[in-house]
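See structure below.
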There are 4 protein chains.
Amino acid sequence: MQCRSRSARTGRPRSAAADAAILAATRTALVELGWSKLTLGYVATLAGVAKTTLYRRWAGKNELVVDAVAELFDELELPDRGSLAADIEGVVLQFAAILDRPEAKTALMAVVAESTRDEPLRERIRTSIVDRQKRLVLEGRARAQARGELPPESDPADADRTAALIFDVVAGAVVHRTLVSAEPADEEWVRSFTRILLVGLTGAAADAAQ
Amino acid sequence: MQCRSRSARTGRPRSAAADAAILAATRTALVELGWSKLTLGYVATLAGVAKTTLYRRWAGKNELVVDAVAELFDELELPDRGSLAADIEGVVLQFAAILDRPEAKTALMAVVAESTRDEPLRERIRTSIVDRQKRLVLEGRARAQARGELPPESDPADADRTAALIFDVVAGAVVHRTLVSAEPADEEWVRSFTRILLVGLTGAAADAAQ
Amino acid sequence: MQCRSRSARTGRPRSAAADAAILAATRTALVELGWSKLTLGYVATLAGVAKTTLYRRWAGKNELVVDAVAELFDELELPDRGSLAADIEGVVLQFAAILDRPEAKTALMAVVAESTRDEPLRERIRTSIVDRQKRLVLEGRARAQARGELPPESDPADADRTAALIFDVVAGAVVHRTLVSAEPADEEWVRSFTRILLVGLTGAAADAAQ
Amino acid sequence: MQCRSRSARTGRPRSAAADAAILAATRTALVELGWSKLTLGYVATLAGVAKTTLYRRWAGKNELVVDAVAELFDELELPDRGSLAADIEGVVLQFAAILDRPEAKTALMAVVAESTRDEPLRERIRTSIVDRQKRLVLEGRARAQARGELPPESDPADADRTAALIFDVVAGAVVHRTLVSAEPADEEWVRSFTRILLVGLTGAAADAAQ
DNA sequence: AGATAACCGAGACGGTACGTCATGTCTTGGA
DNA sequence: TCCAAGACATGACGTACCGTCTCGGTTATCT
């Protein structure tokens with residue numbers, strides 16, 4: 001998350017409480033102000049911390065917000081719900097629930113937009129947020145294959161490509177539904193979406209197997 | 001785009017040339033600086049126009065950028081390529097090509113992020129950009145139904161829901177692939193995506209028809 | 001006051017009412033806003049006149065304000081009150097009454113300040129305002145000499161110098177009392193001032209005559 | 001000159017050098033541009049200081065200019081020249097010399113004009129500038145009374161009124177001569193003025209004593 | 001125990017951009 | 001030719017944040 005240049009041993013150590021306070025304050029400020037009106041000075045005030053302390057640990061607004069939002073994605077998990085359909089529905093609902101929070105809504109697209117011109121930021125988003133979701137796709141597929149709902153992959157490269165595609169479809173659809181269409185990704189929508197995705201996946205896999 | 005409250009007849013009329021110059025300058029500035037570092041002052045300078053002229057016509061950066069980017073979507077169209085698969089591939093490739101431009105890349109997600117806290121802005125995005133794409137989904141489906149590739153819809157409300165779902169899936173997937181995964185939505189990817197979508201659509205429609 | 005460049009014959013003649021309205025509006029605006037916050041746009045609005053009309057007749061704020069304030073000094077006159085002392089007291093009270101008006105208070109020193117860097121403006125002030133007062137000094141002295149209260153001047157150049165000196169003392173004292181000390185130039189003050197001035201004048205004249 | 005509300009101990013202290021640089025830059029800018037065209041931004045640039053630093057210490061242009069000009073009056077003093085006449089001539093010449101500087105010329109009347117609508121500003125002018133001169137009147141009178149040139153005052157209230165009157169006459173005459181009449185307050189003029197004033201003062205005092 | 005070193009709060013600093021306002025000019029349609 | 005209306009280029013306004021810096025003071029670990 002952040003590192004000090006040298007000699008982490010001597011001198012007063014950084015306050016651990018400050019980190020948590022700052023990230024929480026960032027989320028609060030995101031809810032209050034949105035991304036574009038959020039200022040580091042206000043975050044510092046909210047956290048009861050000097051601006052200097054903030055800059056000592058994060059390079060800027062983008063990095064701070066990524067870290068603050070990334071914590072929201074820690075709760076994502078994939079309990080075995082017995083079928084691929086149920087697993088997909090479950091994780092999509094979880095993801096939609098996170099996106100429904102105002103701090104995530106306003107921040108996620110903003111940092112993605114920033115990342116189009118900032119490679120390190122994109123990398124940070126990838127490791128902090130995106131990969132956390134991608135993992136679920138891989139787990140879900142492995143589980144479905146173990147259940148026999150999906151055939152095992154023959155070509156590993158093709159398997160990676162397919163996983164990436166599924167991920168883009170799932171995450172993209174939920175994000176678009178939530179932020180652009182601004183409609184709730186509720187159970188009915190998720191069920192419709194899952195049906196199409198599932199039919200598409202199994203059907204396309206069957207085609208490919210022929 | 002903009003309107004004057006009253007008495008459109010009196011006084012010096014607004015320069016039509018200025019509008020075009022400003023929108024073009026906005027796109028140039030987006031390429032040069034990205035969304036977050038774009039300055040209305042700089043846009044005005046680029047356009048050879050006073051800052052006040054800019055503020056007289058747009059409420060702020062967001063509105064201006066939406067209008068500037070919206071023009072990019074004017075080129076979207078849906079020529080009959082003979083099959084539903086070809087139609088989908090064609091329009092997805094067009095959409096991906098627009099998203100690949102740096103001015104669209106940096107601006108689109110940014111204004112969507114802003115729109116999460118600004119209802120009028122969301123409405124503006126919807127009418128200027130989103131509906132332009134949504135129309136293609138409706139046309140494509142109608143054409144596919146005429147060809148017999150898709151069954152006619154019985155329930156109009158259900159038809160609307162399905163169209164919205166398809167739209168979220170298509171647009172969301174392309175956007176996510178391009179901006180979040182930061183991988184090109186090239187022909188191979190589009191073909192894979194189209195296959196899954198198509199199988200899903202026809203299969204799900206067949207399920208529903210049973 | 002203002003002049004048109006050429007051919008005062010052809011085309012629509014300038015509205016005479018507009019001039020009066022503008023000057024009155026200027027005084028109103030001076031009272032409302034003071035000199036530094038007065039804007040020509042606001043004067044135009046108050047006068048029910050277009051800004052263009054205003055600029056067609058005056059070169060700028062300073063010139064307009066001088067003309068607007070100069071009208072206040074039209075009322076200055078020197079009725080024969082029977083003695084030099086009474087004449088002086090009378091004119092000083094008149095002058096103090098004008099300076100007590102808020103539009104004169106705020107405007108007079110402001111244009112004088114501007115005139116320190118604007119020779120044409122100083123000339124305009126002199127002819128429009130200052131000479132109007134100076135004349136009274138000359139009239140008063142002539143009348144006092146006719147009454148025998150003051151000896152006739154032998155050297156005309158010396159007479160001019162003395163008149164200028166008296167004028168500076170009288171006008172300066174009243175202005176300073178009113179604007180800098182911000183105390184009223186009431187009858188008591190005027191009487192004290194007049195006594196000193198009168199003693200000084202007659203005594204100094206007697207000294208010089210020795 | 002300026003003060004901080006509380007806790008003068010914490011945080012980075014204000015730069016003392018900045019104050020001096022800003023006031024000097026203000027005087028330079030006054031000479032270059034005059035009062036009405038003086039810009040706080042330009043003063044900041046001249047002083048090599050950020051605009052915010054300037055606004056942190058002064059409320060606006062008026063307050064800044066008063067402080068900048070007030071420093072000019074620090075040099076006023078009243079050495080004993082042996083007689084009341086010589087003392088008056090000496091101080092009037094000093095005062096006239098200050099008023100002859102372009103920065104004082106353009107600024108003094110301007111801030112007085114502003115002060116007609118701004119009570120705190122008037123107070124600031126009084127304490128920073130006017131009282132500095134007024135003191136000289138009191139000293140001069142005390143010295144003249146010690147010398148026996150003027151009778152001692154019996155009524156203190158009357159003494160105050162007379163001092164104020166003398167001050168208005170002296171300062172007003174010099175200012176009017178210099179700024180309105182725009183003639184130099186040279187030795188000849190000062191001698192004539194002093195004679196009238198002196199005769200007036202001693203004569204009127206003698207009248208009152210009768 | 002004392003020295004050392006990095007931390008902390010507060011807040012001033014030089015900058016940059018903001019969005020607004022006034023200036024003085026211009027361009028309409030109409031009198 | 002004048003007028004009211006209002007758009008125009010220009011440039012200053014006073015404010016807000018940025019990211020850096022300097023203070024006095026506070027913990028820690030290392031001598």
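Keep in mind that this is a model prediction, so the values were computed, not measured. The sequence lines fix the lettering, A, B, ..., with proteins before strands; numbering per chain opens at 1. All values below come from the heavy atoms of this structure, side chains included, with hydrogens, waters and symmetry mates left out.
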Phosphate OP1/OP2 of dG6(F): any R14(B) side-chain N/O under 4.0 Å: no
Contacting residues from residues 37-51 of chain C, given that a heavy atom lies under 4.0 angstrom of DNA chain E: T39(C), L40(C), G41(C), K51(C)
Distance-only donor-acceptor test (3.5 Å): side chain R12(D), base dC21(F): yes
Side chain S15(A), main chain A18(A), donor-acceptor under 3.5 Å: yes
Minimum-distance pair of heavy atoms, taken over all atoms of L40(C) and G60(C): CD1-C, 4.3 Å
Between dC18(F) (P) and K61(A) (NZ): distance, integer Å: 7 Å
Short side-chain to backbone donor-acceptor contact, T28(D) and A24(D), under 3.5 Å: yes
Of E71(B), E32(B), E103(B), the residue whose pairing with R27(B) passes side chain to side chain donor-acceptor pair (under 3.5 Å): E71(B)
Interatomic distance where CZ belongs to R57(B) and C1' belongs to dG6(F) [whole Å]: 12 Å
Whole-Å distance separating the CG atom of L64(D) from the P atom of dG14(F): 11 Å
Donor-acceptor pair, side chain of T116(C) and main chain of V112(C), under 3.5 angstrom: no
Spacing of N62(D) atom CG relative to dC13(F) atom P, expressed in whole Å: 12 Å
Per T10(D) side chain, nearest of listed nucleotides dG6(F), dC23(F), dA10(E): dA10(E)
Closest nucleotide among dC18(E), dA22(E), dC7(E) to the R56(A) side chain: dC7(E)
Any T53(C) side-chain N or O less than 4.0 Å from OP1/OP2 of dA4(F): yes
Interatomic distance where CG belongs to L33(C) and P belongs to dC21(E) [whole Å]: 14 Å
Interatomic distance where CG belongs to L54(B) and C1' belongs to dA7(F) [whole Å]: 14 Å
Minimum heavy-atom distance between W35(A) and T106(A), given as atom pair plus value: N-OG1, 3.3 Å
Length of the line joining D19(D):CG and dA12(E):P, which is rounded to integer Å: 13 Å
Shortest non-hydrogen separation from A47(A) to A21(A) and the atoms involved: CB-O, 3.8 Å
Interatomic distance, I22(A) CD1 vs dC7(E) P [rounded to whole Å]: 13 Å
Most 5' of T52(C) and A18(D) on DNA chain E, judged by nearest nucleotide: A18(D)
